[in-house]
Amino acid sequence: MFGYYVQLGVRSLKRNPWLTALMVMAIGFGVAASMITYSVFRAVSGNPIPEKSERLFIPQIDSWGPKYNLLGNEPPYALNYVDAMAMMRTHKAKHQTMLYPIGLSALPRGGQSIPFTVEGFTVQSDFFAMFDVPFQYGGAWPTSDDDQRAAVVVISRKLNDKLFGGENSLGREITLSGHNYRVVGITENWNPKPRFFAVWGGSSFGNPSDIYIPISRAMDLRIDTAGNNSCRGRIDYSDWDGWLQSNCVWVTPWVQLDSAAEVMQYQQFLEGYAADQQRAGRYGWAPNVRLRNVMEWLDYMQVVPKESSISLLVALGFFAICLINTIGLLLAKFLRRAGEIGVRRALGASRREIYMQYLIEAGAVGLAGGVLGLLLTALGISGVGLLFQPQIARLAHLDITLVGLTLLVSIFATMVAALYPTWRAAQVQPAWQLKSN
Amino acid sequence: MLQIKPILVALKRHKSGTILIALQIALTLAIVCNALFIIQQRVTRLQRPTGLQESDLLTIQSRFVGVTDDGVAPLVRSDVLALRQVTGVEDAYATNSYPLRGGGWSTGTRLNPDAKKPTAQTTQYFVDEHALATMGAKLIAGRNFNAGEVIVADPKSLKTPPQAIVTKALAEKLYPKEPALGKPFYLGDDKTPATIIGIVERLQVPWSGTWAENFNDNAVLLPVQLTSNFTVYMIRAKPGQLADITKSVPAALFKNNRMRVITGERGIRTFAMVREQAYKSDRGMAILMGVVCLVLLAITAAGIVGLTSFWVGQRRKQIGVRRALGATKRDILSYFLTENLLIGIVGVVIGAGLAIGMNLWLVSHFEMARLSMVYVLAGVVLLLLLGQGAVLAPAMRASRVSPIEATRSV
């Protein structure tokens, strides 16, 4: 019967090619608009580290006070140097890292070569295990290197290709902004999207980092942050040490807390630390701390670009209108055949059969709309660069999930749209139809 | 004249079709109003002038390698002198930022150094005496800096210099009632004032985002050369030579000093590229909304044509009867037009509510501006006209139904 219904459906669709084309186009445009914008939205709103996002937290401490705090008395986005160092020393969480973005210059071998910029982060040894950084060669430096302020570096596969032609360069020295570092690890190409750990300090959708060096070493060399540095009130420092002691925040902390109990303990520790600072007279206000996990942090920082949300909403509204349009057209199409339905019913077809026949016909329209939608989506994705910054436009791509989703959504949506017209068709009274003909 | 009552009775028998058309008109109105409004806002932003003469302008960002910040001043000096010697270069200067660059400095300005709240927010451009000529900014009062006034300073311990040139917008914010020329003002938390020695007609801030909109034209030019190993060069080409110097200038810089990095998206850009990149998402959004509007209107019109055609087909017999009983072609035509108008009016009333609701939601979630009623009115008129246009063809067909139809198959 299924094959026969498909045949019937195709024949009926051929009977009014204009109406059919109209429906297919409405669904095609609607689904394509939704899928193009969804492909971007999915990329920017995804969970960058799904298996651990519940266990990674970013602690915030109120170091500015109510007078300077962000809207809603939210504490600053990052730590100042003094708090960062205190948290580093107490090492309350099992795994923790401080980090800030840096930009240094590297010089390829060969006399006449021109230096180039390498971007990366100063981190602590735990960074690599906490964020599941994949390694090609070697690994993280030992914790002792953090304490000994060792001149070691982890570089990306890309930088290794550029500097050493891709060979295993563990133990070799590289020069960054005039200082030598020993390579201890080479990461695979790794760049979580969004780059959750540096949403505030760096850029959420930036280029992959090339280098990671110990934060303690960076302090010795006085390497300035290449990211945000946010200060409040009178700016009274005039040199490096003054800056370190100032209220400027620029260091991002991350901790890994594996259980609810650990989270609770850490929360208490943060409040205790803030209370100590109040007692010591450093901060003249009550403890005001936050402990957000990865997804909470991304949400709070509004990582999803405005354009992405608005265009997804507009596209969904657009799709809804296309579907309403399809309901109307299907209604017209099905009821025009009331006589035909009456004959079938009189000859013994049950309502079920009528439902089957017309839903299959709608499904065929949905499939055709889906195929058109797929073509338009592919076309549209190559044009996303028009609307978004290149680093975000790059994220949109047509993969097998999106292809499947496009077809599925258009068939399913068309069948949902067809429910009401089909119901009306099934309600046709055979006797009436037969009488008038 | 208008046969509203029989139309309403007839519509009651076609509830679902009526509701579908009204709903479609309502949603289309809601989206089209908001989309048109977004387009208008984005286009207005796109058209804001920078205050620069944007043709023949080249920007370069360079970072010195292996030099500490205190060693940078002579290198920048030598770069600037070398740039001014390149064939095809009209003038050049070194700075921290420029309009639409995407990043720069901003601070508060005060008339009273102890005031808690700043009088106005402003951006700071650190420049020399060649800046005005290179930018093509128009000095409307006072004078330019002279070479002797340019000081060298560390960005981490910067003190306000004695002279400053401000934009007209900032001057009017600081001194709304009197001429600002020659008057002092304070930058940030500094206790020493700068004196306004010149006023330029306009200079935009480095940011194109909405957050900088309330101080879009507030800028201060200060005669300072910063000792940071990151420097921005602005270069004006002789007319028509921009393409040539885009190639020769980076080469000249590397010839002058090889130990530097000129990379990244903002490395070498003509001002046309700067503008394009700054407003990329604005333009993209406007185009997207435009396309959505057009397709949406087309689909809604097609839907109306489809459903009305169906109704006409369904009612051929009734139309035949009416014609046989003396209704003219005009009567039939106006019947369908009126029917559509009634449905359309219901649709646009709901749609206007939806449009405003949608806008309020966008305002609260995405910091958008309030929708002006003009857009709702324009949308209402547009959709009613669209409905009438779409219904015309099926209605004409209906009016051509012959009275003989009434006699058939009864």
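Note: B/Ile19 CD1 to A/Ile324 CD1 = 11.5 Å, rounded to the nearest 0.5 Å. Taken to the nearest 0.5 Å, the CD1 atom of A/Ile321 stands 4.0 Å off from the OG1 atom of B/Thr28.
With 3.5 Å as the limit, one finds no donor-acceptor pair spanning the side chains of A/Thr117 and B/Arg63.
Heavy atoms closer than 4.5 Å to chain A are found in the side chain of B/Ile38, but not in its backbone. Only the side chain of A/Asp224 comes within contact range of chain B, with at least one heavy atom under 4.5 Å from a heavy atom of that chain. Heavy atoms of A/Trp243 lying under 4.5 Å from chain B belong exclusively to its side chain. For B/Phe230, no part lies near chain A; criterion is any non-hydrogen pair under 4.5 Å. Using a 4.5 Å cut-off between heavy atoms, B/Arg260 contacts chain A through its backbone alone, with no side-chain atom that close. Of the two parts of B/Leu288, only the side chain, counted from C-beta on, holds a non-hydrogen atom closer than 4.5 Å to a non-hydrogen atom of chain A.
Taking all atoms of both residues into account, the shortest heavy-atom contact from B/Gly303 to A/Asn325 is CA-OD1, 2.9 Å. The two residues A/Ser105 and B/Val65 come nearest to each other via the heavy atoms OG-CG1, 3.0 Å. Considering all non-hydrogen atoms of both residues, B/Leu307 and A/Ala332 come closest at CD2-CB, 4.0 Å.
For A/Gln302, the CD atom counts as loosely surrounded, since its 6.0 Å shell holds 12 or fewer non-hydrogen atoms of other residues, nucleotides or ligands. Under a cut-off of 6.0 angstrom, the local environment of CH2 in B/Trp361 is crowded, with over 12 non-hydrogen atoms contributed by other residues, nucleotides or ligands.
Heavy-atom neighbours of chain B within the stretch residues 311-320 of chain A, taken at a separation under 4.5 angstrom, comprise A/Ser311, A/Leu313, A/Val314, A/Gly317, A/Phe318.
Counting heavy atoms from C-beta on, the side chains of A/Cys322 and B/Ile299 come closer than 4.5 Å.
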Show me the donor-acceptor pairs within less than 3.5 Å that the side chains of residues 24-40 of chain A make with the rest of the protein, sequence neighbours left out.
{"residue": "A/Ser34", "atom": "OG", "partner": "A/Gly30", "partner atom": "O", "Å": "2.9"}
{"residue": "A/Thr37", "atom": "OG1", "partner": "A/Ala33", "partner atom": "O", "Å": "2.8"}
{"residue": "A/Thr37", "atom": "OG1", "partner": "A/Ser34", "partner atom": "O", "Å": "3.0"}
{"residue": "A/Ser39", "atom": "OG", "partner": "A/Ile36", "partner atom": "O", "Å": "2.7"}

